[in-house]
Amino acid sequence: MSPETVTAPAAANGLAGGRSQARARAARNHRLVVHGTRVALLVGLLGLWEWLARAAVIDPFYFSMPSKIWGQITQWAVNGTPQGPLWEQVWYTLYEALLGWVLGVIGGVVLGIALGRIRFLADVLGPYIKVLNALPRIVLAPIFLIWFGLGPASKVASAVVLVFFPVFFNAFQGAREVDRNLVANSRILGASNRQVTFQVVIPAATSWIFTSLHVSFGFALIGAIVGEYIGATKGLGLLVSASQGTFNAPGVYAAMVILAAIALLAEGLLAFLEKRLFRWKPADAGDGR
């Protein structure tokens, strides 16, 4: 065996390893640049806002300023809110949003898969679902308040109706978009309808369902906040309403900042779970990986 034939595979492996390392460095540098730009943009916008308010270019009574908003959050965290400790208001809203989100997701997935698999159900229930989806669901919050009172049930109901439809339509479309060859091959191998649904259709529709989960939790928060804003005994929506009633602009913005932080944490958790569940998916071509 000649030396050339011995060293050729080693050289090829070394070249491949060098390219992999170069791609990893490029991806790492890309992420650093993206995160750095995001931080710089946020700092720049907050600094501009603070300067405009202090220079009286915008009225701080209406627009407030980042320093006052941070001061309001600190005051609530240390001294509590008029309705009780801040963590209690956060947990009350989070509990309503989470419960409404879970119920809405379960209902949307089950009904979406069912209608995607059973043509008769889709033909019968389809028009009714379209009519309900056309309704402005936010206006249902006062009706839920009349039905269920000031407790968390009315806020959970508002969250459910906002979450259900995006999850339902994604699950329905995911069930309809399953490769027909996979279904046919499963039936040839003797799979029953139940086995086809649970072992072929649902796994294939999972990516569609996860796509809706990213936006649906934000809808759940909106449903809980709107319900609390209309009438509640606790929650961040009540803080917004009380702050607005006393013309406390920093309080309104402070509650919005807390809600944004909750939404970002939920989005990060969902993205982490999606990456763990879909490791087989190839990386996007434009993300630098």
Tyr95 OH: over 12 foreign heavy atoms closer than 6.0 Å: no

For the student: nearest non-hydrogen atoms of [X] and [Y], plus distance:
X      : Y      : answer
Ile69  : Ser64  : CG1-OG, 3.7 Å
Val109 : Ala171 : CA-CB, 4.0 Å
Leu86  : Trp76  : CB-O, 3.7 Å
Gln244 : Val252 : N-CG2, 3.8 Å
Lys155 : Ala224 : CG-O, 3.7 Å
Ala141 : Ile230 : CB-CD1, 3.5 Å

Modelled atom types, side-chain donor and acceptor of Ser216 and Trp101, under 3.5 Å: yes

Pair Glu50-Ser67, side-chain donor/acceptor within less than 3.5 Å: yes

Does [X] reach the side chain of [Y], with side-chain heavy atoms less than 4.5 Å apart?
X      : Y      : answer
Phe169 : Asn133 : yes
Leu52  : Trp49  : no
Asp123 : Phe120 : no
Thr233 : Tyr92  : yes
Val226 : Ser158 : no
Phe61  : Phe247 : yes

Parallel, tilted or perpendicular: ring planes of Phe164 versus Phe168, cut at 30 and 60 degrees: parallel

Nearest-0.5 Å distance that lies between atom CG in Leu41 and atom CG in Leu45: 4.5 Å

Backbone N/O of [Y] and side chain of [X]: donor-acceptor pair under 3.5 Å:
X      : Y      : result
Thr246 : Ser243 : yes
Thr93  : Val90  : no
Glu228 : Leu236 : yes
Arg137 : Leu162 : no
Asn170 : Trp208 : yes
Ser154 : Phe144 : no

Check: Trp70 ring centre within less than 6.0 Å of Tyr253 ring centre: no

Shared hydrophobic cluster for Leu48 and Met65 (ILVMFWY, side-chain gaps under 4.5 Å): no

